[in-house]
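FYI, the numbering just counts along the sequence from 1.
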Amino acid sequence: MATATLARHSLAHFMDLESIKYSIAAQPVSRRQSLHLFYHRCYYHKPCSVVVSMNGCQGNPRDRVPVGSIETRTFPAVTSPALATDTLNLAISEMKASPPLFTSGILRLQVPIQQQIEAIDWLHSQHQIHPRCFFSGRRQSKDFTEVTNGNGYQKSNNLVSVAAVGSAVLFRDVHPFCYNDWKSIKRFLSANCPLIRAYGAIRFDARANISSEWEPFGSFYFVIPQVELDELDGCSMLATTIAWDNAFSWTWEQAVDAVEATMTQISSNVVKLSKEVTRSFILSNSHVPCKMYWDLAVERALQIINRSSSPLTKVVLARSSKFVIANDIDPIAWLACLQVEGENAYQFCLQPPNAPAFIGNTPEQLFHRNCLGISSDAMAGTRARGGSMALDLQIQLDLLSSPKDHLEFTTVRDDIRKKLEAVCDRIVVEPTKAIRKLHRVQHLYARLAGELRNEDDEFKILSSLHPTPAVCGFPTEEARLLIAETEVFDRGMYAGPVGWFGGGESEFAVGIRSALVEKGLGALIYAGTGIVKGSNPSLEWDELESKTSQFTKLLKLEGPSRQKIENSGIIN
């Protein structure tokens, strides 16, 4: 039977798939070897002037006009990744003989798999293909609670994680992300095809010079993946996306050939990835700034904050820690270990070709939009977890009663509320102040929700919420300038928005608890801490150590961490 008759032409909605027990909600990043639909933008002054290059050819597309066709086709479910790959290869082959009528479009082909394949295992099996990406939404575990008046809050989501290689469409530039860039991404997306998404990240400060280690990411980096594996509770989905636009001199035939080339490299032999990294000898370890210069930087920030004439009430100073080790760090293996400790956090990996991998395990949501509904996290104040239940409770009470941490927290919460009120009719804050307990640390936390007046306000929310006082300070511009004067390293995507755009839904986390990992060069591990009136330089340094411990303990593999990793569940 011809593949075309097998295919179920649907405008693939998550609930449609859920009704046949093959639900999906993707989130990865990547970009393929044969570059196609490569976006290159040049900005002079407002409005943005856009120049686009696709596969070496330049054009001037109608950036605000949707492509001619946006479609998802779902095929019958199969029992294994190998059968799913065969189904997609057959479908792609048959499509070459029947090109679409549209001169531009994007088409997603997806095959449900009747077993749960871990996305991170699938990604690790595609080790020869770059670019690649991984994205996992927050999941709760026994180590996770939100405490307020003794109550806990629970959330469930069928999505587990998404992994991808290659890119159907790539958006990248060295100039700041602007409204026209957002519209250029959105022209490939539709609420009727919610699983076609653009995954990526934006720099913390687009006005700062880009250092060599961050050059492949540009000022922003987004991709609509070419091949992806969506892991769901109880099942999986293998999908490939074809995008074409004659205005870019990138035709349907070229796009199909490019997808075929990538599919020949896809491995269906998915091997279970060990949730343990190999012990390694640390050749060198250095911090920028070192402890002495950190103390000086914090003292200088406090002097500015304490001036009666200064509007600055908080600044977030960060540290970059470089680890050079005897053998190469596998970023996907590190991410697998982070999953064990951070099921309640977002995990992500972005890796362009011939570039380091940006990986992270962040608990903080920047915003989540579903149609007009929007929510955001306010998170500030940090304490380590206690070794016993009694000690943990004592630390929790100390955090709740700390004037210094209350000031830092309310600064973040109130600023987010003010920015949401500018584009929402009504804001609900619930809880108004709670404790979020993670595996190693605990924070003060609030959740804010509202309803946008217009879906185009999504760009306003992204550009106004970032950077929040939790990663920059308050007021924003004064804090940003002090950071630029004080820090001598490039934050890059650290503390910037990391997530995805969809047609009717988008979600971004804050790229903290993150690292840049490069083969042969080790890792750059980033962490920051909020400086407010009453801050102590040594205690803030200790907080940095606590925040980076999820990475550094992968190098040291201390007893408790090793025990937890070894006792993690194995799914064959």
Side-chain angles (χ1 to χ4, degrees), residues 12 14 17 22-33 36-37 70-75 77-78 80-82 84-85 87-89 91-92 106-113 115-137 158-171 185 188-189 193-200 221-232 235-243 255 258-268 270 332 335 347-352 499-503 505 507:
F14 178 83
L17 296 176
Y22 303 115
S23 32
I24 275 192
Q27 310 175 348
V29 138
S30 88
R31 165 188 175 230
R32 16 172 233 87
Q33 288 179 322
H36 67 281
L37 294 186
I70 303 177
E71 181 186 3
T72 296
R73 300 181 187 178
T74 303
F75 294 82
V78 296
S80 69
T85 302
T87 300
L88 290 176
N89 282 330
I92 294 167
I106 188 165
L107 171 64
R108 174 183 164 104
L109 308 175
Q110 57 189 30
V111 182
I113 303 172
Q115 61 172 301
Q116 183 171 345
I117 309 297
E118 287 199 38
I120 202 159
D121 294 341
W122 181 88
L123 183 60
H124 195 257
S125 300
Q126 319 305 322
H127 55 86
Q128 297 296 331
I129 311 176
H130 290 83
R132 58 183 177 179
C133 77
F134 179 90
F135 196 93
S136 177
N158 286 327
L159 170 70
V160 178
S161 53
V162 179
V165 295
S167 69
V169 190
L170 170 66
F171 309 84
I185 293 173
F188 288 91
L189 308 177
C193 293
L195 304 183
I196 299 177
R197 297 173 175 179
Y199 299 88
Y221 180 95
F222 284 94
V223 290
I224 298 175
Q226 192 178 40
V227 182
E228 67 182 64
L229 189 285
D230 306 325
E231 178 191 350
L232 307 164
C235 59
S236 309
M237 184 82 74
L238 185 67
T240 188
T241 300
I242 305 169
V259 169
E260 278 190 318
T262 299
M263 288 297 293
T264 61
Q265 302 175 68
I266 296 297
S267 172
S268 298
V270 180
I332 306 304
L335 206 57
Q347 284 95 37
F348 61 85
C349 173
L350 300 175
Q351 187 171 20
W500 52 271
F501 291 113
E505 185 178 7
E507 184 168 22

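Separation of atoms CG (Leu109) and CD (Glu71) is listed at 8.5 Å; rounding is to 0.5 Å. The CD atom of Glu507 lies 6.0 Å from the CZ atom of Phe135; values are rounded to the nearest 0.5 Å. Interatomic distance, Ile106 CD1 to Ile242 CD1, rounded to the nearest 0.5 Å: 10.0 Å. In this structure, the separation between CG on Leu189 and CD on Glu505 is 12.5 Å, given to the nearest 0.5 Å. To the nearest 0.5 angstrom, Ile224 atom CD1 is 7.5 Å from Ile196 atom CD1. Expressed to the nearest 0.5 Å, how far OH of Tyr221 lies from CG of Leu170 amounts to 5.5 Å.
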Please report the C-alpha distance between Gln116 and Val160 in whole Å, then the side-chain angles of each, then the deciding distance to 0.1 Å, and finally whether the side chain to side chain contact (heavy atoms under 4.5 Å, CB included) criterion is met. CA-CA 10 Å; Gln116 183 171 345; Val160 178; 3.9 Å; yes
Take Trp122 and Leu238 through the side chain to side chain contact (heavy atoms under 4.5 Å, CB included) test and state the conclusion after the steps. CA-CA 10 Å; Trp122 181 88; Leu238 185 67; 4.0 Å; yes
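The backbone N or O of Gln226 sits less than 3.5 Å from a side-chain atom of Thr240, completing a donor-acceptor pair. Listed for the Ser236 side chain is a donor-acceptor partner under 3.5 Å among the backbone atoms of Gln115.
Taking both residues in full, the closest heavy atoms of Leu123 and Ala164 are given as CD1-O, 3.6 Å, listed atom of the first, atom of the second, then distance. Listed here is the closest heavy atom pair of Ile113 and Pro81: CD1-CA, 4.0 Å. Across all non-hydrogen atoms, the minimal contact from Phe75 to Ala91 is CZ-CB, 3.6 Å. Closest approach of Val259 and Ile92 over heavy atoms only: CG1-CD1, 3.4 Å. Here the closest non-hydrogen pair linking Val169 and Ala243 is CG2-CB, 3.6 Å.
Aromatic ring pairs are classed by plane angle as parallel below 30°, tilted from 30° to 60° and perpendicular above 60°; the pair Phe171 and Phe188 is perpendicular.
Using a cutoff of 4.0 Å between basic side-chain nitrogens and carboxylate oxygens, Asp230 and Arg108 are scored as salt-bridged.
Judged as a side chain to side chain donor-acceptor pair (under 3.5 Å), and not counting sequence neighbours, the contacts of Ser268 are Thr85. Checked against side chain to side chain donor-acceptor pair (under 3.5 Å), Ser125 has no partners two or more places apart in sequence or in another chain. Qualifying side chain to side chain contact (heavy atoms under 4.5 Å, CB included) partners for Ala119, counting only residues two or more places apart in sequence or in other chains: Phe134, Ser161, Ala163, Leu229, Glu231.
Using modelled atom types and a 3.5 Å distance limit, the side chains of Gln110 and Thr74 yield a donor-acceptor pair.
Val165 is not listed as a side-chain neighbour of Gln265, based on a closest heavy-atom distance of 4.5 Å or more.
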